[in-house]
Every structure is written in structure tokens, then in C-alpha cells.
Amino acid sequence: MLAGAGEAAAGSGFPTFPVAPGYRVNVRRGPGTNYGVIRVLPLGAYVSIRCQCEGTNVSGPYGTSDIWDCIGNGEFVSDTYVKTGSDGYVATRCA
């Protein structure tokens with residue numbers, strides 16, 4: 001595993017997944033493209049999914065979906081950029 005984001009994510013206790021290779025993914029304040037960008041994940045990043053919820057429909061390297069992954073407190077990425085191995089939910093729904 002790459003140093004940095006992957007190691008931090010692995011220690012969180014939440015399931016960890018790789019971000020699509022070759023993509024720098026926007027982390028947003030909420031589950032949609034209408035929310036502001038907080039930061040951008042580096043190439044080769046891994047994320048821990050705390051929970052998932054519905055949001056803006058997005059097309060990415062892993063299909064088209066309205067599922068958004070909460071990767072931190074108030075931090076969301078589109079599930080279409082995360083290799084979860086599923087087209088559906090892989091974590092609990094966000095409250």
C-alpha cells in the first residue's frame with residue numbers, strides 16, 4: 001500500500017477502498033456536485049467509507065450512480081470514483 005492516505009485510511013476501522021487509478025477526486029462538503037470542494041485526493045489514494053447516502057447522479061469510471069461515500073466528517077466523494085466492487089451500497093446508510 002502507498003504511504004500517506006492509504007495508511008491513514010487503513011487504521012480507521014472502516015472498510016477501505018482504492019480510488020480509480022489515474023483520477024484526482026474532489027472531496028465535497030456534502031453528497032452532490034452542488035457542494036463546495038474541500039480538497040482533492042491525490043493519485044493512488046485509498047478512502048475509508050464511514051457511511052453512504054443518495055445525492056447528485058454522477059458518471060465516473062465505475063458507472064453512473066447517485067451513491068455518495070462519506071469518507072470523513074462532512075467529507076463526501078462520488079461512489080463512481082471508488083472501487084468498491086459493487087454497484088450498490090457497501091456500507092451503512094448515513095443518518
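The first residue in the sequence is number 1, and the count goes up from there.
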Donor-acceptor pairs under 3.5 Å, side chain of residues 25-32 to any protein atom, not counting sequence neighbours: which ones?
from	atom 1	to	atom 2	distance (Å)
R28	NH1	T33	O	3.2
R28	NH1	Y35	O	2.6

Hey, can you pull the donor-acceptor pairs under 3.5 Å for the side chains in residues 63-72, sequence neighbours left out?
from	atom 1	to	atom 2	distance (Å)
T64	OG1	S59	OG	2.7
S65	OG	I67	N	3.0
W68	NE1	T56	O	2.8
D69	OD1	Q52	NE2	2.7

Table please: side-chain donor-acceptor pairs of residues 82-95 below 3.5 Å, with sequence neighbours left out.
from	atom 1	to	atom 2	distance (Å)
T84	OG1	S86	N	3.3
T84	OG1	S86	O	3.1
S86	OG	G88	N	2.9

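A pairwise comparison of heavy atoms in Y23 and Y81 identifies CD2-CE2, 3.6 Å as the closest pair. The shortest heavy-atom contact between Y46 and T16 is CB-CG2, 3.8 Å.
Among pairs with a residue in residues 37-46, those fulfilling salt bridge (charged side-chain N to carboxylate O under 4.0 Å, His left out) read R39-E75, at least two apart in sequence or across chains.
Following chains of ILVMFWY side-chain contacts shorter than 4.5 Å, one cannot reach Y62 starting from L41, and the two form parts of different hydrophobic clusters.
Residues V40 make up the rest of the hydrophobic cluster containing V37, defined by ILVMFWY side-chain heavy atoms closer than 4.5 Å, directly or through other members.
With sequence neighbours left out, the salt bridge (charged side-chain N to carboxylate O under 4.0 Å, His left out) criterion links R24 to no other residue.
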